[in-house]
Amino acid sequence: MTDSKNKPAPRPTIKAVRGTRDLLPDQTPLWNRVEATTRAVFSRYGFGEIRTPVFEATELFARGVGEETDIVSKEMFTWEDRARAASEKAQNLTLRPESTAGVVRAYIEHKLGETGQLQKLYYIGPQFRRERPQRGRYRQFWQIGAEVIGPQTSGAESPLRDAEVLEMLASLLDELGIRDWKLELNSVGNAEDRARFNVALREALAPVKDQMCPDNQRRAETNPLRVLDSKEEADQEIINALPKIADYLGEESREHFEQVKAALDACGVPYHVNPRLVRGLDYYTRTTFEFTVTTGLGTQNALLGGGRYDGLSEMLGGPKAPGIGFAIGEDRLILTLQAQAEADAAASGIAPAEPKLDVYIAPLGIAQNPAALKLARELRREGLSVEVGDGSFKIGKSFGFADKLARHIILLGEDEVATNILTVKSFATGEQRKISRAELIGAL
RNA sequence: GCGGCUAUAGUUCAGUGGCAGAACGCCGCUCUGUGGCAGCGGAUGUCGUGGGUUCGAACCCCACUAGCCGCCCCA
């Protein structure tokens, strides 16, 4: 006679934290397809997988990504690790906001350059940025990235590598079925070019920066390059009049860029040179690029971005090791594919079929449960996908479940267990047959 | 970090001060070894959280949280 209105004391429910989310089984097949395709494509180009830690010393990102970038200055999940002994120093740690710095750290730490070989490394994994969540922008998000890095003698600096990476990305997006991608390409020059350009830019900005928005005024001071890709309407006239990086490229950088473009032309990979494409991370030199799409992402239309980082290894205290790499926003890739699939379904009026199991086994009565599980075990071992009902279910209920889950139902009553002649009904045809256990696999 | 919009059943959503609703889905029965279709019946719920106004709040006000959209930035 307990009072059913006596509800348990309310407890606050725990939810996924802001900007994070669960990927349920209706989502993960697409993720797995994307990742499997990526691995297959990358391995055809000689890339091997690297797995680095999801957290690193904060210093790595400060030096690698750049102290003045938004990522480092305001978007990192950083904490002070407890010192476990008086003699131990507390360490400042950070959840990785991107993976290139970590990969290059590993390259240096494991002396991969000493092999003399070009290293082609890829990764797939979560990254963390403390930004305001939005469509296609999460606080835990996934990136698929690859890096080509090695000593100069390995050919890591060759424009061939830039073109190969870009061609690989074009092939990957094609193979995944991304239909409307666009490659934006630019060169920001080598360290010397950038230094000269920065001086010229500062000179040009000095008399006009007061007329610009506060953000651009700040950038004019801290990172003048970033003024160039500002989208602030009111400042566009001023920005268009600023010096162009292309005019400050040295002969070497210019020639490098020309060769990248020539190789892309030869491969038939379309691109648009965008002189204002300046990527946000400090380590980029020479080639920079971005692939954008028009479906599914709204204003977060950059699907992936990357570029060359010839000085990064040295910035991290390693040997000279030119490299080029990119990071694909996997979440955005998935959103794009989903948006395309929805558009296709709407156009054709055909909803994609749900995947079904091969067999649903319905024991009729709990006495048949052990036999049902035994049969399931055997069929699964022979490679079939199988679900087992419970003998307490009414037969109608079993059919209901079976029809949703599987292509065939096997009824397992006393007779079937005793004779080893199974009753099998196929939902596609509605046909019901008696099949001996020995002939079952062939009959399905 | 800034601005706008939003939050009601499992889902999509209606409800603008007076009994908490619809569709789909779910459960039961018609039908105890035959599902889908159909008929009948049923449950959907702290109306995001906390406070305030009011005789009375899903509705008005405030704060918070979360989501979406945009800005910033980035993948």
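Sequence lines set the chain letters: A, B, ... in the order given, protein chains first and strands last, and positions in each chain run from 1. Just the heavy atoms: all of them, side chains too, but no hydrogens, waters or symmetry mates, feed the values below.
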Nearest of [options] to any side-chain atom of [X]?
X	options	value
A:Lys404	B:G35, B:G33, B:C26	B:C26
A:Arg135	B:G35, B:C68, B:G28	B:C68
A:Asp70	B:C72, B:U34, B:C68	B:C72
A:Gln134	B:G70, B:G35, B:A66	B:G70
A:Phe399	B:U34, B:G28, B:C68	B:U34

When the [atom1] atoms of [N] and [M] are considered, how many whole Å apart are they?
N	M	atom1	value
B:C71	B:G56	C1'	43 Å
B:U65	B:G51	C1'	14 Å
B:C29	B:C69	C1'	48 Å
B:U16	B:A7	P	13 Å
B:C26	B:G36	P	11 Å
B:A57	B:A14	P	24 Å
B:A9	B:A43	C1'	10 Å
B:C27	B:U44	C1'	10 Å

Exercise. Under 4.0 Å: is that the gap between some side-chain N or O of A:Arg132 and OP1 or OP2 of B:G1?
Worked result: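 Indeed not, no polar side-chain atom of A:Arg132 lies that close.
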Exercise. Would you say a side-chain N or O of A:Lys397 is under 4.0 Å from OP1 or OP2 of B:C29?
Worked result: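 Answer no for this pair, as no side-chain N or O of A:Lys397 is under 4.0 Å from OP1 or OP2.
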Nearest-Å distance for atom pair [atom1]/[atom2], residues [X] and [N]:
X	N	atom1	atom2	value
A:Ile395	B:C31	CD1	P	15 Å
A:Phe393	B:G33	CZ	C1'	16 Å
A:Phe401	B:G28	CZ	C1'	13 Å
A:Leu364	B:G35	CG	P	13 Å
A:Ile14	B:G48	CD1	C1'	16 Å
A:Ile410	B:G33	CD1	P	19 Å
A:Arg139	B:U65	CZ	C1'	12 Å
A:Arg137	B:G1	CZ	C1'	11 Å

Exercise. RNA chain B: A:Ala302 or A:Ser426, which has the more 5' nearest nucleotide?
Worked result: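 Counting from the 5' end, the first nearest nucleotide belongs to A:Ser426.
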Problem set entry | 5'-most by nearest nucleotide on RNA chain B - A:Glu416 or A:Thr20 |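 In this pair, the answer is A:Glu416.
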Touch class at under 4.0 angstrom, heavy-atom based, for [X] against every strand present:
X	value
A:Leu303	sugar-phosphate
A:Gly306	nothing
A:Tyr138	base
A:Leu304	sugar-phosphate
A:Phe326	nothing
A:Ser398	nothing
A:Gly19	sugar-phosphate
A:Glu131	base

Under 3.5 Å for both donor-acceptor distances, Watson-Crick or wobble: does [N] have a partner, and if so which one?
N	result
B:C24	B:G10
B:U30	B:A38
B:A57	none
B:C68	B:G4

Please determine whether the number of non-hydrogen atoms from other residues, nucleotides or ligands lying under 6.0 Å from atom [atom1] of [X] exceeds 12.
X	atom1	result
A:Arg407	CZ	yes
A:Ile421	CD1	yes
A:Arg380	CZ	yes
A:Lys434	NZ	yes
A:Gln432	CD	yes

For this session: Classify the angle between the aromatic ring planes of A:Tyr122 and A:Phe42 as parallel (below 30°), tilted (30 to 60°) or perpendicular (above 60°).
Result: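 Plane angle over 60°, so perpendicular.
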Exercise. Between A:Tyr309 and A:Tyr283, how do the two ring planes meet: parallel, tilted or perpendicular, split at 30° and 60°?
Worked result: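 Perpendicular, since the angle between the ring planes exceeds 60°.
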For this session: Kindly say whether, by distance alone, the side chain of A:Lys394 makes a donor-acceptor pair under 3.5 Å with the base of B:U32?
Result: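 By the distance-only test, no, there is no pair.
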For this session: Indicate yes or no for a side-chain donor-acceptor contact from A:Asp331 to the backbone of A:Trp142 under 3.5 Å, with no hydrogens or angles considered.
Result: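 Here the side-chain-to-backbone pair exists.
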